[in-house]
2 protein chains.
Amino acid sequence: MSENEPKFRREPAQQRKEALIEATLTLIAEQGIRGATVREIAKRAEVTQGLIRHYFSSKEELISAAYEYHMKVMTQLTEGTDLQANTSGKTRLVRFVESGLTPPVVDPRAVSLWAGFLNKVRADAQMFEIHEQTYHDFRGRLEALIGEALNEANILITPPRLRSLAIACNAVMDGLWMEGGALPDAFEPEELPRIGLESISAIIGLELTQTTEGQS
Amino acid sequence: MSENEPKFRREPAQQRKEALIEATLTLIAEQGIRGATVREIAKRAEVTQGLIRHYFSSKEELISAAYEYHMKVMTQLTEGTDLQANTSGKTRLVRFVESGLTPPVVDPRAVSLWAGFLNKVRADAQMFEIHEQTYHDFRGRLEALIGEALNEANILITPPRLRSLAIACNAVMDGLWMEGGALPDAFEPEELPRIGLESISAIIGLELTQTTEGQS
DNA sequence: TCAATATTTATACAAACGTATAACTATTAG
DNA sequence: CTAATAGTTATACGTTTGTATAAATATTGA
């Protein structure tokens with residue numbers, strides 16, 4: 001009669017936290033922060049709602065933790081591609097653009113998350129700091145790569161002009177990323193990186209679409 | 001003793017509806033759709049909550065009406081600039097880009113609204129249709145202007161290539177619009193249209209920054 | 001094997017939510 | 001001036017929300 005099946009399993013703290021955060025992010029992407037209720041989060045993570053309060057002292061704290069986690073993952077996604085150092089700046093720029101305009105960076109969920117967090121990021125000082133740092137870091141890396149690529153080609157450029165080019169290229173990438181994520185069926189798979197590279201080539205005045213170096 | 005001050009005023013139906021919709025949009029921009037509660041909407045519109053149900057049979061209907069209203073306003077904002085017909089395509093393209101990259105189109109509230117509506121637009125078929133139509137309309141207009149400007153300069157271009165250029169220019173505008181709205185203090189007032197025109201000039205291969213025609 | 005402990009479940013509560021309906025009153029038509 | 005109408009307020013109801021606390025149980029160390 002009495003089956004001694006355990007009624008629940010205890011998981012390592014970090015693993016549970018991550019599961020709760022993942023469920024939170026999915027729900028925020030689907031229904032916004034207010035739509036990510038503690039009960040629904042618990043259901044998705046397959047625990048009861050009381051457990052959330054055991055790991056996070058409030059919903060506010062869970063949301064902040066989820067944001068931090070997400071931004072870290074996104075940063076790693078755009079960093080990870082390039083490990084071998086002796087590739088040219090031009091090639092690294094090409095790869096940076098390509099990886100930023102293909103999955104998993106281009107992804108409906110990522111765009112939805114950006115939208116879902118926007119207001120909260122504006123209101124919360126700590127989250128705003130994380131956002132600004134990530135944004136400037138991304139643009140700074142793009143600016144450095146453009147500078148190196150132009151330098152290799154012996155194209156001279158002033159710092160303010162380089163800043164403008166970086167803002168413009170960043171805007172192209174942001175725009176394509178947003179549209180690719182918001183309208184996933186409106187573009188062919190290779191269309192986004194192709195248009196991105198063509199546009200950035202034109203903007204910085206250096207052809208990027210015919211790479212002679214080996215493609216990883 | 002008994003002052004015969006009227007306890008409320010009756011307003012024309014359309015005026016009340018618009019006030020309710022405006023309050024709704026402001027709240028959606030601030031806190032998302034779920035944050036736009038009927039009670040808070042009523043408070044902002046300075047009426048009691050019961051009145052909302054007199055004009056809209058449900059919150060769902062109010063949200064849809066607010067979206068339709070907002071998209072109409074945004075469309076008019078990007079249409080309105082150009083009335084005199086005998087200006088060149090190049091000039092009209094310049095004005096189109098400039099007006100799309102300055103207030104009131106570039107505006108934190110507009111970006112927040114875009115973010116706030118994103119999920120709902122994906123889920124609701126009717127709202128999705130409105131969104132797609134507006135988006136394609138905008139890009140179509142941009143594509144036509146680019147085509148005319150290039151044609152005037154005797155630059156030949158194939159239709160698929162024109163499509164790519166339009167997607168790219170649209171992405172530049174979207175990206176700058178988004179960044180200008182999300183980080184209002186990160187750019188100088190003239191920086192966005194300047195960078196936009198420079199980038200689009202480079203992308204389509206036609207200089208737009210030195211206009212010889214009169215500027216409105 | 002058994003007590004100690006931290007994880008997990010279970011239950012409860014006040015506040016806020018969308019909705020429904022009744023009561024009031026400014027406005028209009030005759 | 002009066003009655004009818006529709007805009008508006010007022011109140012209420014069942015659910016869902018975030019939070020709080022008690023109870024149960026899986027796991028660990030001695």
Side-chain angles (χ1 to χ4, degrees), chain A residues 1-25 27-28 30-67 116 119-120 123-124, chain B residues 2-28 30-67 116 119-120 123-124:
Chain A
M1 200 74 99
S2 67
E3 310 193 12
N4 273 8
E5 286 181 337
K7 301 186 175 172
F8 57 83
R9 263 179 40 200
R10 296 169 84 143
E11 303 271 358
Q14 198 182 345
Q15 193 169 324
R16 269 277 193 259
K17 276 193 168 189
E18 210 166 298
L20 289 171
I21 285 177
E22 270 298 337
T24 303
L25 289 174
L27 273 163
I28 291 177
E30 287 176 8
Q31 320 203 43
I33 288 180
R34 278 179 129 104
T37 65
V38 291
R39 281 166 180 82
E40 190 64 25
I41 291 169
K43 194 184 288 179
R44 299 262 180 130
E46 294 180 319
V47 296
T48 55
Q49 62 152 326
L51 190 61
I52 291 181
R53 254 185 78 73
H54 185 259
Y55 287 106
F56 303 94
S57 67
S58 68
K59 180 182 174 181
E60 183 78 15
E61 192 182 306
L62 171 57
I63 299 295
S64 291
Y67 183 67
N119 292 310
K120 195 113 200 139
D124 183 305
Chain B
S2 67
E3 311 195 12
N4 274 7
E5 284 181 340
K7 300 183 175 172
F8 58 83
R9 262 178 42 199
R10 299 168 83 143
E11 304 271 356
Q14 198 182 344
Q15 194 169 326
R16 267 276 134 86
K17 275 194 168 187
E18 209 166 299
L20 288 172
I21 285 177
E22 271 298 337
T24 303
L25 289 174
T26 299
L27 271 163
I28 290 177
E30 288 175 8
Q31 320 203 43
I33 288 180
R34 277 179 127 105
T37 66
V38 292
R39 282 169 180 80
E40 191 63 27
I41 292 169
K43 195 184 287 180
R44 299 263 180 130
E46 294 181 318
V47 296
T48 54
Q49 60 153 329
L51 190 60
I52 291 181
R53 254 186 76 74
H54 186 258
Y55 287 106
F56 303 94
S57 66
S58 69
K59 180 182 175 182
E60 183 77 15
E61 192 182 304
L62 170 57
I63 299 295
S64 291
Y67 183 67
N119 292 311
K120 196 110 199 142
D124 184 304

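The shown structure was predicted, so the numbers you read here are calculated from the model rather than taken from an experiment. Chain A is the first sequence line, chain B the second, and so forth, proteins listed ahead of strands; every chain is numbered from 1.
- Picking from dG7(D), dT19(D), dA12(D) the nucleotide with the shortest atom distance to the side chain of Phe8(B) gives dG7(D).
- Toward the 5′ end of DNA chain D lies the nearest nucleotide of Glu11(B), the other residue of the pair Lys59(A) and Glu11(B) mapping further downstream.
- Taking each heavy atom of Tyr55(A) and Glu11(A) in turn, the nearest pair found is OH-O, 4.1 Å.
- The pair Glu60(B)-Lys120(B) meets the salt-bridge criterion, with a side-chain N (NZ, NE, NH1 or NH2) lying under 4.0 Å from an Asp/Glu carboxylate O.
- Atom CG in Leu51(B) sits about 15 Å away from atom C1' in dT19(C), given to the nearest Å.
- Looking at heavy-atom distances under 4.0 Å, Arg39(B) makes contact with a base.
- In this structure, Phe56(B) reaches neither bases nor backbone, as no heavy-atom distance under 4.0 Å exists between it and the strands shown.
- OP1 or OP2 of dT8(C) lies within a sub-4.0 Å distance of a side-chain N or O belonging to Arg16(A).
- Put simply, the side chain of Arg53(A) and the base of dG18(D) share no donor and acceptor less than 3.5 Å apart.
- At a threshold of 4.0 angstrom between heavy atoms, the contacts of Thr48(B) include nucleobase atoms, whether or not backbone atoms are also involved.
- Between Arg44(A) and Glu46(A) no salt bridge is recorded (no basic side-chain N to carboxylate O distance below 4.0 Å).
- Computed from coordinates, the Ile52(B) CD1 to dT9(D) P distance equals 11 Å when rounded to whole Å.
- Closest approach to the Arg9(A) side chain among dT11(D), dT8(D), dT27(D) is made by dT27(D) (side chain taken as heavy atoms from C-beta onward).
- Taking all atoms of both residues into account, the shortest heavy-atom contact from Ile41(B) to Ala36(B) is CD1-O, 3.7 Å.
- What separates CD of Gln49(B) from P of dT9(D) is a distance of 11 Å, to the nearest Å.
- Ion pairing of Arg16(A) with Glu18(A) is absent here, as no side-chain N (NZ or NE/NH1/NH2) approaches a carboxylate O to less than 4.0 Å.
- Atom C1' of nucleotide dG18(D) and atom CD of Glu40(A) are separated by 15 Å, given to the nearest angstrom.
- The shortest distance between the side-chain N/O atoms of Tyr55(B) and the OP1/OP2 oxygens of dT8(D) is below 4.0 Å.
- Between Lys43(B) atom NZ and dG18(C) atom P the separation is 13 Å, expressed in whole Å.
- Across the protein-nucleic acid pair, Ile33(A) atom CD1 and dT17(D) atom P stand 16 Å apart, rounded to whole Å.
- Rounded to an integer number of Å, the gap from Leu62(B) CG to dC17(C) P is 15 Å.
- Between His54(B) and the phosphate of dG7(D), there is a side-chain N or O to OP1/OP2 separation shorter than 4.0 Å.
- Following rounding to the nearest Å, Lys7(B) (NZ) and dA6(D) (C1') show an atom-to-atom distance of 18 Å.
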